[in-house]
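Comments concern the structure below.
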Amino acid sequence: MNKKDYLGAVTAKVFDSDAKKSLTSELEVHIDEKTDFFREIGYDEASEEKAIDAMGETEEVASQFGMLHNDFYNPAADIILFVIWIAMLGGGYYLLKEYIFCDIGMSSVILGASCLSFSLMAGYCALSLFKNKLLPVILSFFGIGATGVFNYFILLELDKKMGDSLQGLVDFVLKTEIPSSTNYPDKNKVIAVISALLLFAVIRFVFSLAYNIKVKLLANNRFDNKLMHMFIRLSTLIAAVTLALSIFFGVKCYFDLNSIKNEYYDAYDYVIEMSEKCDTKEDIIAFVNNGEYPLEEDLDKDGNLEGYSYAHNLVWINIVFEDVSGKDEIKEEKKEAIDKSIAESEDLVKSYLSLSDDFTESAEYKNLMNEYKKAMSKSLKNAVEREYLSQTFCTIYLSPRLSCFENSYDKVSTSFLEIKGDDEYALRNPEISKMNTFEKYDYYKKIQPAKLDVNYYISDLAHCSYDFEYVLGSGKFKHIENYSAYKPNEKIISLYDEIDRVAEILSSEKKMSNSDIAKKTGAKVEMPEISREELEEQMSVLGSLFDSMKEFVLEQYDNSIKYRFDDWYFIVSGNSYQELYAYDNFDSLIRTKTIRNEPKIKNFEGDDGQKKVRIDGVYYDKLGYGYSLADYAPYYTSDGKKYYYYCKTIKDETNTIGDTKEYYITDRKGEFYKADNAFIDESGYICFNVANLSYDEQSKTYKSSDGRKYTKAFETSWDENGNLIFTDDKYETTNSLY
């Protein structure tokens, strides 16, 4: 390429004619000087071509002259991008600090945020190189510093969570292994990592600054241009790779959360399977040794096996083998207490009734005390058996390791353990009350609990019990409820069927003789050891001071008649056989069975601003779902929105009037209404701020100007069918409101 063609090509992108003419003249001088230089050193005819080559690549030089002499640069875009960059770092840190730092299961988000910050930094640096303007170069310097500060603080938190161990971080990234955290991160290690990551950015900044100055002075050469292109490509590559890593860690967080959740679900299934397949200590040991979980043995100081434990991520399983007391040991403890009770009873009777020495030596008194001692002796035998059989020989615990998650169910990683919204209805199903304890077990085990305790008893009739703990609601509305059930086994299922058969026979007639009950049920009637007449005669010894007690004892006489089978017996209560009570041979209650459907027991309960009706121990809502506490029962609007009771305590900062309470109805999101402004309409739905209400003394309701009736929300209840019931001013329950 000759000089004329070269000058035309390199100035092709300069559109200002004066600038183009001046530049052409200046370049021509440079080319001539270089041509003379190369001619002097012996190039002769090739000297001009050599001088043109030394001026740089045509296209590259043309682009630079175009940017330099066509001053179309607007700094607004670079400033806006820089502000967005810094805002993302600041906002990102706030969100991480508020929601992520406290949740070790979300640590992948911290790694993703770190990668994203380097992607933003590399991208901005590539852009500033491409534009080759001084302002974006300077802004990138401050952005590099902000990126370093941002990563210093977030990586300190990550180092704390990873237990100050590189291996902990590797295990978390590759296998989602949550390590034990530490409160003492290694600041020097974090600074070293950040410095290494920022080294390229700092080198790039120095080069871009030097290159920009060279371009201004038209002193850049081909090597400078190639180096600039290399930095642009490398910065772009780093931006792309770190962005990809950021996306990877974001996706990984999703899988981390699912891994933590599924691991806990699997552990729950494992404990349930263990409890269903194992009946003895030996069964449990064999199951653990052959199982999929590497449970560690817990040994006492003598090397005896006390149980097993397993802790991983959110899962904590603990199997504890309990010490079981022998019957002789229990008997010794019980006998001492009973002997003391007999002696105290004798002293009490003598001192209280002022009995003479002659009377205490009489046959009547001795017979009475002998009968009492005989009964106490039998009571001792049964008490020993009851206590022995009621002992647990093993307890299996499954619970979340909340210590890794700041002991909170509110973290994203632990929130799956909470039962929220409409899912609560599964635990409120009124049909549960009609289930026997084994049906309840099958029902509850399908609903994932937050915690589970499995207790193994020596007794076959209460061999394996389950305590399910559920976390309902969230935030300040969170509460815990417990439900119990028993594992079915052949013996107790057969016994329950037999109890149901007896109850069905008794329900067929209102009253039967003792012999008829025994004949129809196949039981052997067992009358009290003394007749009613003998009991009355013996109790007459106590004098008139105990008349009220005599009356009670005699009233219970008929209910003490036992109907015995080989392994159990039952008694009935009520003149029309309302309840059946089944006991084992050691007087432990096995089951209570309602023979006839009597009217449900309704109780008025008033507490914390509420006047509520409880039916058979349950508070019902408009939809007929049952709750253990009135606080938990929701109110419904006609369009299906739910509201809840809320109590706010106002602290007395002056220490003069004491703390006070305010009562509200809330949707648990942001709406709060004073209790006095919340009413229930005739359809059972909640309304707020109803205008022009007046109280009607006769109907005990409020009436609006259009004649519609309302009751206060906190004084209104529902039955199991969703019908309105309420308490009047005398706290008497009515069956129906309207």
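Since the model is a prediction, treat every value here as computed from it, not as a measurement.
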Side-chain ion pair, [X] and [Y], N-O less than 4.0 Å:
X: R591; Y: D584; result: no
X: R428; Y: E481; result: yes
X: E424; Y: K420; result: no
X: K478; Y: E418; result: yes
X: D269; Y: K445; result: no
X: K277; Y: D283; result: no

Requested in this report: Determine, stepwise, if the pair D467 / S484 fulfils side chain to side chain donor-acceptor pair (under 3.5 Å).
Outcome: CA-CA 5 Å; D467 293 323; S484 298; 2.9 Å; yes

Flag side-chain contact, heavy atom, 4.5 Å: [X] against [Y]:
X: D567; Y: F565; value: no
X: L472; Y: Y632; value: no
X: Y397; Y: L452; value: no
X: E720; Y: I615; value: yes
X: D587; Y: R386; value: yes
X: D516; Y: N514; value: no
X: Y264; Y: P400; value: yes
X: D298; Y: L305; value: no

Got a second to check how far [X]'s [atom1] is from [Y]'s [atom2], nearest 0.5 Å?
X: T716; Y: I725; atom1: OG1; atom2: CD1; result: 10.0 Å
X: I492; Y: C464; atom1: CD1; atom2: SG; result: 11.0 Å
X: L427; Y: Y627; atom1: CG; atom2: OH; result: 10.0 Å
X: I458; Y: E322; atom1: CD1; atom2: CD; result: 11.0 Å
X: K642; Y: Y644; atom1: NZ; atom2: OH; result: 3.5 Å
X: K451; Y: I480; atom1: NZ; atom2: CD1; result: 6.5 Å

**Report entry** Criterion side-chain contact (heavy atoms from CB on, under 4.5 Å) on Y293 and D266, from CA distance to verdict
**Finding:** CA-CA 10 Å; Y293 283 82; D266 291 342; 3.6 Å; yes

Is there a donor-acceptor pair under 3.5 Å between the side chain of [X] and the backbone N or O of [Y]?
X: T414; Y: S408; result: yes
X: D423; Y: I419; result: no
X: S717; Y: V613; result: yes
X: R401; Y: A311; result: no
X: Y308; Y: N289; result: no
X: Q391; Y: S325; result: yes
X: H463; Y: Y456; result: no
X: T521; Y: I517; result: yes
X: E387; Y: V384; result: no

Requested in this report: Step by step, work out the side-chain contact (heavy atoms from CB on, under 4.5 Å) result for Y496 and T437.
Outcome: CA-CA 10 Å; Y496 268 54; T437 185; 3.8 Å; yes

Of all heavy-atom pairs between [X] and [Y], which one has the smallest distance, and what is that distance?
X: D621; Y: W718; value: O-CB, 3.5 Å
X: F287; Y: C278; value: CB-SG, 3.5 Å
X: A485; Y: K440; value: CB-C, 4.1 Å
X: P488; Y: Y441; value: CD-CD2, 3.9 Å
X: M512; Y: I505; value: CE-O, 4.2 Å
X: L417; Y: P449; value: CD2-O, 4.2 Å

**Report entry** Worked check of side-chain contact (heavy atoms from CB on, under 4.5 Å) between L295 and Y270
**Finding:** CA-CA 12 Å; L295 277 79; Y270 172 78; 3.8 Å; yes

Near-ring test [Y]/[X], centroid separation under 6.0 angstrom:
X: Y486; Y: F438; result: no
X: Y645; Y: Y635; result: no
X: Y646; Y: F477; result: yes

**Report entry** Verdict with reasoning, F416 to Y265, per ring pair (Phe, Tyr, Trp, His ring centres under 6.0 Å)
**Finding:** CA-CA 10 Å; F416 73 91; Y265 285 167; 5.6 Å; yes

Requested in this report: Decide yes or no on side-chain contact (heavy atoms from CB on, under 4.5 Å) for D500 and K593, but give the supporting numbers first.
Outcome: CA-CA 8 Å; D500 289 338; K593 175 76 176 179; 3.3 Å; yes

Requested in this report: Tell me, please, whether F321 has K281 positioned over its six-membered ring: NZ or CZ under 6.0 Å from the ring centre and within 45 degrees of its axis?
Outcome: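 Yes.
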
Query raised in the report: Do K612's NZ or CZ and the ring of Y619 fall within the cation-pi criteria of under 6.0 Å and 45°?
Result: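 No, K612 does not sit over the ring of Y619.
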
Query raised in the report: Going by the angle between their ring planes, with limits at 30° and 60°, are Y444 and Y483 parallel, tilted or perpendicular?
Result: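 Tilted, since the angle between the ring planes falls between 30° and 60°.
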
Do other residues, nucleotides or ligands put more than 12 heavy atoms under 6.0 Å from the [atom1] atom of [X]?
X: N304; atom1: CG; value: yes
X: E296; atom1: CD; value: no
X: D328; atom1: CG; value: no
X: E504; atom1: CD; value: no

Report task. Could you please spell out the steps behind the side chain to side chain donor-acceptor pair (under 3.5 Å) verdict for T392 and N455? Result -> CA-CA 6 Å; T392 57; N455 299 288; 5.5 Å; no

Query raised in the report: After noting the C-alpha distance and the side-chain angles of D497 and S494, does the key distance pass the side chain to side chain donor-acceptor pair (under 3.5 Å) rule?
Result: CA-CA 5 Å; D497 289 341; S494 175; 5.9 Å; no

Query raised in the report: Going by atom types only, do Y466 and S275 share a side-chain donor-acceptor pair under 3.5 Å?
Result: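 Indeed, the side chains of Y466 and S275 share at least one donor-acceptor pair under 3.5 Å.
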
Requested in this report: Decide yes or no on side chain to side chain donor-acceptor pair (under 3.5 Å) for D631 and Q610, but give the supporting numbers first.
Outcome: CA-CA 9 Å; D631 300 4; Q610 300 183 93; 2.8 Å; yes

